[in-house]
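Remarks on the structure that follows.
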Protein chains: 2
Amino acid sequence: MHQQAHELTEAAVQTLFVQHHLRFTRQRYAVYRALACEDIHPTADQLYQKLTDNKSGISLATVYNTLEALVKSGLAQKLADGGTSARYDASVDDHLHLRDRATGSLMDVPVNLGKRLLDNLPDNILKEIESELGFSINRVQIELVGEYAGN
Amino acid sequence: MHQQAHELTEAAVQTLFVQHHLRFTRQRYAVYRALACEDIHPTADQLYQKLTDNKSGISLATVYNTLEALVKSGLAQKLADGGTSARYDASVDDHLHLRDRATGSLMDVPVNLGKRLLDNLPDNILKEIESELGFSINRVQIELVGEYAGN
DNA sequence: CCTATACTTGTAATGGTTCTAAGTTAGAAA
DNA sequence: TTTCTAACTTAGAACCATTACAAGTATAGG
Ligand SMILES: [Mn+2]
Ligand SMILES: [Mn+2]
Ligand SMILES: [Zn+2]
Ligand SMILES: [Zn+2]
């Protein structure tokens, strides 16, 4: 697995793309930057709007194509919204999501907190599920559903 | 919270519907029965096909309407497929799902196993997430992603 | 029974996503 | 640097799951 870019300079992202066998284009750079600097998990259209505002000169089809390429190459993940449209996440590491029942929005749980929870799952029970069901668990995806206290 | 019907007789389901303030109709009974007796988590169209085969005399619009009514009243839940169409689940109790990476299919983890895992989550970390983020956790939704050993 | 209200249904509309086919470009090779 | 080709971009059409609509029908309470 390749390392995640914390820098979003042209050079850094180009390197990242090369490592993932993706051609580096103006449009892909713009989409990746817009996605990676977002704390929310934007839809394809939200990214398109944002880029159009910035006059990046990109088509909606390319936003979709790029997101598909990023997901396929492991630089992003596609999240089911539960609603109408898909959401995209530039964090591919295991991390938890917080879903606000009121708005439906998805937020990341800070990585350190999330990792502590994932590391403290009852491993014996997971093993038991695996052996009992003949299933090999690859990833445990957790979503904390609730609401912000200030509501 | 009302009790889940383990019997799917007309009388039992009618009682369930009355408790949930839903009118009892031939079509809703058919949809609920078809959903509740499924071990998979069918799409609206899968239910429609199944009912059409059985000459239940029901329209696709009604399948959608009924599923929406069931979800709104708490008798079913809507699951994001990750793919194109939504999946429905007559189990509203907390339970885990197994996602087969190969096929994308969703299966239930047997309730006893799932409950043991949920009961053994590190509660202190959950509390910490709540206080740290000012978020009140209502439900912990877990999906085990992997593949069946026989592949 | 009667009636009000909720439900059903065929069909049209919606909207996110994918497809197509024609131009353009990145990046490798010479 | 020049050339070449596979990969990428794009506008618009197509697709398809879901929702909206409007006209008929059935449920359940009084
Ligand atoms: Mn994120
Ligand atoms: Mn189920
Ligand atoms: Zn995330
Ligand atoms: Zn389930």
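In what follows, chains are A, B, ... by sequence order, proteins preceding strands, each numbered from 1. Every value quoted in this text rests on a predicted model; they were computed, and no experiment measured them.
Ranking C/dT18, D/dA11, C/dA26 by closeness to the A/T25 side chain, first place goes to C/dA26. Listed candidates were C/dG10, D/dA17, C/dG27. Nearest to the side chain of A/R23 is C/dG27. Nearest to the side-chain atoms of B/N65 among the listed nucleotides C/dT8, C/dT18, D/dT10 stands C/dT8. When distances run from any side-chain atom of A/A86 to the nucleotides D/dA28, D/dA20, C/dT17, the shortest one goes to C/dT17. Side-chain proximity of A/L60 to the nucleotides C/dT8, C/dT17, D/dA11 is greatest for C/dT17. Among C/dC7, D/dT9, D/dA17, the nucleotide with an atom closest to any side-chain atom of B/S85 is D/dA17. Minimum atom distance to the side chain of B/Q27 is reached by C/dT9, of the listed C/dT9, D/dT18, D/dT10. When the nucleotides D/dT10, C/dG16, D/dA20 are ranked by their closest atom to the side chain of B/A61, D/dA20 comes out on top.
In this structure, B/L70 atom CG and C/dA6 atom C1' are separated by 15 Å, rounded to whole Å. The OH atom of A/Y64 sits 13 Å away from the P atom of C/dC19 (whole-angstrom rounding). Between B/Q14 atom CD and C/dC7 atom P there is a gap of 14 Å when expressed in whole angstrom units. In this structure, CZ of B/R28 is placed 13 Å from C1' of D/dA28, rounded to the nearest angstrom. What separates CD1 of B/I58 from P of D/dT25 is a distance of 17 Å, to the nearest Å. Distance B/H20 NE2 to C/dA6 P: 19 Å, rounded to the nearest Å. At whole-Å resolution of the value, CG in B/L51 and P in C/dT9 are 11 Å apart. Atom OH in A/Y48 sits about 13 Å away from atom C1' in D/dT9, given to the nearest Å.
For D/dT10, one of the phosphate oxygens OP1 or OP2 lies less than 4.0 angstrom from a side-chain nitrogen or oxygen of A/T62. Note on B/R26: every side-chain N or O is 4.0 Å or more away from OP1 and OP2 of C/dT8.
Ring-plane geometry between A/H41 and A/H95 is classed as parallel, the angle between the planes falling under 30 degrees on a 0 to 90 degree scale with a further cut at 60.
Under a 3.5 Å cut-off, the side chain of A/Y29 and the backbone N or O of A/E10 do form a donor-acceptor pair.
Annotation for B/K50: atom NZ counts as buried by contact number, over 12 foreign heavy atoms lying within 6.0 Å.
Two residues, A/E68 and B/T66, neighbour DNA chain C, and the one matched to the more 5' nucleotide by heavy-atom proximity is B/T66.
Taking OH of B/Y48 as the reference point, atom CG of B/D53 lies at 10.5 Å (rounded to 0.5 Å).
Checked options A/L96, A/D89, A/L98; the residue passing with A/D108 is A/D89 (criterion: side-chain contact (heavy atoms from CB on, under 4.5 Å)).
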